[in-house]
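This report concerns only the one structure given below.
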Amino acid sequence: MMSDLISADLMESWLRKPSPLDIGPEQVDELLETTVTLVRKHADGVADGPVAPVSFDSDQIRKWVGEYDFSTPHSAESVLADVATGLTQWGVHTTHPRYFGLFNPTPHWWGVAGELLTAAFNPQLAAYSHAPAAVEIEQHVLRFLADRLGLPSPVAGSFTTGGAEANLSAVLIALTRHFPEYADRGLAAIPGQPVLYASAESHLAWLKIAHMTGLGRDAVRLVPVDDSYRMDIDELRRLHAADVAAGMRPFLLVGTSGTTGGGALDPLPELAACAAEWNTHLHVDAAWAGTVAFSDELRPMLAGIEQADSVTVDAHKWMSAPMGAGMFLSKHPQAVAESFRVSTSYMPADTVGSDPYTNSVQWSRRLIGLKVFLGLAVTGQDGYATQVERDTALGRLLAVRAKESGWHRINDTPLPLVCVVDPAVDARLSPAESWAWHSAVADKVVERGQAWISPVRLSGRAALRLCITSYRTEAADVAALVEEMDKARTAVGIPG
């Protein structure tokens, strides 16, 4: 800091100098042009390279990034090029058309443009009065999604960092609805242990959420699944009856539409009937499969979701928006407001719209929804319908090609996620040995660099997980994947 003894004239002279962060128009043009060139180079060339590095050395990566000790400025062009090289060399390329892994999409270009606009305008979405256009953009998208899901109006909703935050919102609202004393006095005011139910194949963020909310991980009842890896309703009823008899306080029932492991669709109409009978909050985690709501042909997969009290959908999964973009919807606006109510003098008064910070987990946050809005505005609902229908057809083709090569499918879902085993290995080896073998095959596929898959356990049964995630994936990529799996199986060998 400058000395307090410096004269006002010298201070004013010093302050006339431009900020080191304020670059001129020419430098801005060069910066953006360099960035766009690097982005295009990645997109144009990613399919020609390996999906993932064969190996990496963390010490080498730390040495590389450690060369920037921040004591000496570098040119933006050189830093950007160096970073792009590092990301190319040391990372799994989820934008590759033969990435058949987790729900990480190739982001659409409208989303990339939306991220740039969001970063440049930098709207603050805590207070409505600070960003009315941005807030209304997001709310417009959420209302459209709610309508496609069949949720009745009015619906409260917010964009989130992802499905975990959206599902956390569901737990908080379910607690507030079921236990009014919880909002101010917390779990200590609730007589008995609150418990929630989710499929054993559900996303285990529920365990983290239970920890964060103070419920404790033991409050999560992971319900066994049936032969199709869907929540078993008989097992659910058995667990619920035992909990009630033991003095537990069931408050939340979770259905999953599109489990991470096998793409199972829990029986939502039956779950809705249970929730109504037991007076519990019904939440549907449709983070992945919720996108089929845009297709009139595929929408029946979600039958029963309109009866949910709240829903999670992730735009950064099947809607191909850049990470991260979760969405939370609830048909109980009053419970949402009660769950997040807060007031302080340094925030602008809410005079027109609803302030997002009083209706969601986050306080200050970025405009997440613009990249989703742009994708919908430019592509339209029909474009998204065509995409999910195309991906679903690719999933069916993948299942056929795998079967033709001697792989046996073990999951039963209309979604484009295919889990296969080698039948000989599956029949002969123990579960642990089968897991080791299928993991070795997946590793061999990844090592060869032509595709990316992962091993998975479905109810303890080892398999290879193959998921259509990229809008750039074509039938030729499906054929190439099966060929790579066959080569990997030969390299690993079938145990005698």
Side-chain angles (χ1 to χ4, degrees), residues 18-40 42-43 76-77 79-80 83-84 87 95 105-145 156-162 165-166 169 313-317 319-329 340 342 344 346-380 383-384:
S19 163
L21 305 181
D22 188 9
I23 62 178
E26 291 185 3
Q27 288 177 286
V28 171
D29 289 344
E30 291 175 2
L31 177 68
L32 295 179
E33 182 178 348
T34 297
T35 303
V36 169
T37 299
L38 291 169
V39 169
R40 281 296 307 274
H42 164 74
E77 184 176 7
V79 175
L80 287 169
V83 169
L87 294 175
T95 58
T106 299
H108 53 59
W109 286 110
W110 307 289
V112 175
E115 291 286 66
L116 178 59
L117 285 172
T118 295
F121 282 86
N122 202 31
Q124 165 57 282
L125 263 72
Y128 183 97
S129 61
H130 271 48
V135 172
E136 293 294 354
I137 283 172
E138 289 198 338
Q139 289 300 309
H140 181 64
V141 172
L142 294 171
R143 285 192 297 268
F144 175 75
L145 175 62
S158 61
F159 273 86
T160 66
T161 54
E165 182 191 331
S169 301
V313 178
D314 275 356
H316 64 238
K317 289 185 169 67
M319 289 186 73
S320 298
M323 298 281 283
M327 294 176 283
F328 174 73
L329 299 168
F340 302 113
V342 65
T344 180
Y346 52 76
M347 293 300 294
D350 182 3
T351 57
V352 182
S354 178
D355 286 333
Y357 86 96
T358 65
N359 286 275
S360 60
V361 171
Q362 297 185 61
W363 197 296
S364 298
R365 75 163 174 86
R366 72 198 307 267
L367 170 55
I368 298 172
L370 179 58
K371 55 195 172 188
V372 185
F373 170 84
L374 289 176
L376 282 167
V378 178
T379 307
Y384 275 99

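The structure presented is a predicted model; accordingly, all values stated were derived computationally and were not measured.
Using modelled atom types, one side-chain atom of Y384 and one backbone atom of M319 make a donor-acceptor pair closer than 3.5 Å. The backbone N or O of G157 sits less than 3.5 Å from a side-chain atom of Q139, completing a donor-acceptor pair.
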R366 and E115: side-chain contact (heavy atoms from CB on, under 4.5 Å), yes or no, with the steps?
CA-CA 10 Å; R366 72 198 307 267; E115 291 286 66; 2.9 Å; yes
Worked verdict on L117 versus L367 for side-chain contact (heavy atoms from CB on, under 4.5 Å)
CA-CA 10 Å; L117 285 172; L367 170 55; over 6 Å; no
Walk me through it: do S360 and F328 pass the test side-chain contact (heavy atoms from CB on, under 4.5 Å)?
CA-CA 9 Å; S360 60; F328 174 73; over 6 Å; no
Chi angles and distances behind the side-chain contact (heavy atoms from CB on, under 4.5 Å) call for V83, L87
CA-CA 6 Å; V83 169; L87 294 175; 4.0 Å; yes
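In this structure, F373 CZ and F159 CZ are separated by 10.5 Å, a value rounded to the nearest 0.5 Å. Note that CD1 of I368 is 11.5 Å distant from CG of L370, once rounded to the nearest 0.5 Å. Here the CG atom belonging to L374 is positioned 7.5 Å from the CD1 atom belonging to I137, to the nearest 0.5 angstrom. From T379, atom OG1 reaches atom CH2 of W110 across 3.5 Å, with rounding to the nearest 0.5 Å. Taken to the nearest 0.5 Å, the CD atom of E26 stands 7.0 Å off from the CD atom of E30.
Here the closest non-hydrogen pair linking A321 and P105 is O-CG, 3.9 Å. Minimum heavy-atom separation, V372 to A315: CG2-CB, 3.6 Å. Nearest heavy atoms, Q124 versus W363: OE1-O, 4.5 Å. Across all their heavy atoms, M327 and D314 have their closest contact at N-OD1, 4.3 Å. When all heavy atoms are compared, the tightest approach of L125 to A131 is CD1-CB, 4.2 Å. What you find for H108 and K371 is that their closest heavy atoms are CE1-O, 3.4 Å.
The shortest side-chain heavy-atom distance between T34 and L38 falls under the 4.5 Å cut-off. Looking at N359 and S158, their side chains never come closer than 4.5 Å, going by heavy atoms from C-beta outward.
Every residue meeting the side-chain contact (heavy atoms from CB on, under 4.5 Å) condition with V39, not counting sequence neighbours, appears here in chain and number order: T35, W109.
The number of heavy-atom neighbours closer than 6.0 Å to NE2 of H42, taken from other residues, nucleotides and ligands shown, is above 12.
Between R365 and E138 there is a salt bridge, since a side-chain N of the basic residue sits under 4.0 Å from a carboxylate O of the acidic one.
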